[in-house]
Amino acid sequence: MQETVSRPSNVITFGRHTGEAVQPFSEFSTAVSLEANIVREVGSILIQNAETSHSLFGVKASMISEILALVDECEEENWDGEGAKAIDDRVAGRAVSLIRALPAGVRMPEIAPEVDGRISLDWILTQHSFFSISVGPSNRLPFAWVDGSESGHGVARFDGSKMPLRICFGIQSIINRGYTTLRAA
Amino acid sequence: MAKPAALTPNPNPEHKNSSVFRIGDDRPRLLQTFRETTTSDRSLKAVVFFSAAQVRATGLEVEASEPPPAHANIEKWPWLDDPDVQKARQMELAGRIVSGATVWRVDAGES
């Protein structure tokens, strides 16, 4: 638990330091030599990359904070007054790992507690089109999707660092369908 | 929209179902029912409306379970040997029900 709390701020701090270290190379545009121009361009690229990863991880850090807040809210048995199981640190850790493993560019899910002590991650495009994962203490991830009149479910294995392909495809197919609809409109 | 997790059943052997009320869109009565029946100090955040027909279309059943008045349970959820496959199947069924549901966000004052 302690580790998951400290990680986000560590990474943000790292991103900021990276920016400071390369900032002088990019801001100064008075150099005239070819080498200076190359250094300047490389500096700009480094800053751009640092800012991109900072903003990407900023979104993930915010999502991880939401998960930790949810766990705080549901850390005791019977949090719903109807016998719900507490969400424990193993489940929280798995959910955080899953968020970290999301490929760049995939939007963040909505989260919800489940009465059996799991955390639900939902990618909702519309009321009739969404993809849900249920994160529990094991390395197996039940998932289900609804897309109009079609629906399905499955279980994928998550090693803690690499997002299962079946889940990646599932999320992307729901989200990309939304893009296609928007582009056609 | 509502999330499937709002409807997936409580796996506690005493329950193995989802608890609902057959009240319809009568908001004052819904709020009163919540106040009278809740055993938690959590506030009511949202109410999901769906018909019994939507539940039955998935192969599940809505069965009266009073008291309290108008209380019912969604029954006949799949219980399988593999708990993860069982969970995935339950999520799909819950997802199909919520895809036809409407939501009243009580905490946001939405109507």
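Chain identifiers are assigned alphabetically (A, B, ...) following the order of the sequence lines, protein sequences preceding nucleic acid strands; residue numbering begins at 1 within each chain.
- A distance-only check finds a donor-acceptor pair linking the side chain of A:Q127 to the backbone of B:S99 [under 3.5 Å].
- Residue B:P83: no heavy atom, backbone or side chain, is found under 4.5 Å from chain A.
- Distance CE/B:M91 to CZ/A:F131: 8.0 Å, rounded to 0.5 Å.
- With sequence neighbours left out, the side-chain hydrogen bond (donor to acceptor under 3.5 Å, both in side chains) criterion links A:H128 to no other residue.
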Taking it one step at a time, do B:Q90 and A:H153 satisfy side chain to side chain contact (heavy atoms under 4.5 Å, CB included)? CA-CA 9 Å; B:Q90 291 173 350; A:H153 67 274; over 6 Å; no
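- Contacts between residues 52-76 of chain B and chain A, defined by a heavy-atom separation under 4.5 Å, are made by no residue at all.
- Neither the backbone nor the side chain of A:I119 comes within contact range of chain B; no heavy atom of the residue lies under 4.5 Å from a heavy atom of that chain.
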Start with the C-alpha gap between B:K87 and A:V155, add the side-chain angles, then the distance that decides, and say whether side chain to side chain contact (heavy atoms under 4.5 Å, CB included) holds. CA-CA 9 Å; B:K87 179 73 182 181; A:V155 177; over 6 Å; no
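- Ion pairing between A:D122 and B:K3 fails under the 4.0 Å rule for side-chain N and carboxylate O.
- Both the backbone and the side chain of B:T8 come within less than 4.5 Å of a heavy atom of chain A.
- A:I174 and B:V98 sit in two unconnected hydrophobic clusters of ILVMFWY residues. Membership requires side-chain heavy atoms under 4.5 Å apart, directly or through other members.
- For A:S138, the part lying near chain B is the side chain, with the backbone staying farther off; criterion is any non-hydrogen pair under 4.5 Å.
- Between chain B and the residues A:G152, A:S120, A:G136, the most heavy-atom pairs under 4.5 angstrom are made by A:G152.
- Interface check for chain A: of the options B:T39, B:D84, B:T38, the most heavy-atom pairs under 4.5 Å are formed by B:D84.
- Hydrophobic cluster membership is shared by A:V91 and A:L68, with clusters built from Ile, Leu, Val, Met, Phe, Trp and Tyr side chains linked at under 4.5 angstrom.
- Clustering ILVMFWY residues whenever any of their side-chain heavy atoms sit less than 4.5 angstrom apart, transitively, puts A:I167 in the very cluster that holds A:I99.
- For B:A5 against A:P113, the heavy-atom pair with the smallest separation is CB-O, 4.1 Å.
- With a threshold of 4.5 angstrom between heavy atoms, A:S151 approaches chain B through its backbone and through its side chain.
- In this structure, B:A88 and A:F143 approach most closely via the heavy-atom pair CB-O, 3.7 Å.
- A:M108 and A:I67 fall within a single hydrophobic cluster, where Ile, Leu, Val, Met, Phe, Trp and Tyr are joined by side-chain heavy atoms under 4.5 Å apart, directly or via other members.
- A:I64 is connected to A:I87 through a chain of hydrophobic side-chain contacts under 4.5 Å among Ile, Leu, Val, Met, Phe, Trp and Tyr, so both are in one cluster.
- Of all non-hydrogen atoms in A:V146 and B:E92, the two that sit nearest each other are CG2-O, 4.4 Å.
- The main-chain N or O of A:E82 is found under 3.5 Å from a side-chain atom of B:N10 such that the two form a donor-acceptor pair.
- Comparing A:G81, A:A144, A:P142 by heavy-atom pairs within less than 4.5 Å of chain B, the highest count is held by A:P142.
- Around the CZ atom of A:F169, the shell of radius 6.0 Å holds no more than 12 heavy atoms that belong to other residues, nucleotides or ligands.
- Between A:V115 and B:P11 the shortest heavy-atom distance is CG2-CD, 4.3 Å.
- If you measure heavy-atom distances from A:I133 to chain B, the contacts under 4.5 Å come from the backbone alone.
- Looking at heavy atoms from C-beta onward, A:R140 lies in side-chain contact with B:D82 at the 4.5 angstrom threshold.
- Other residues, nucleotides and ligands contribute over 12 non-hydrogen atoms within 6.0 Å of the CD atom of A:E77.
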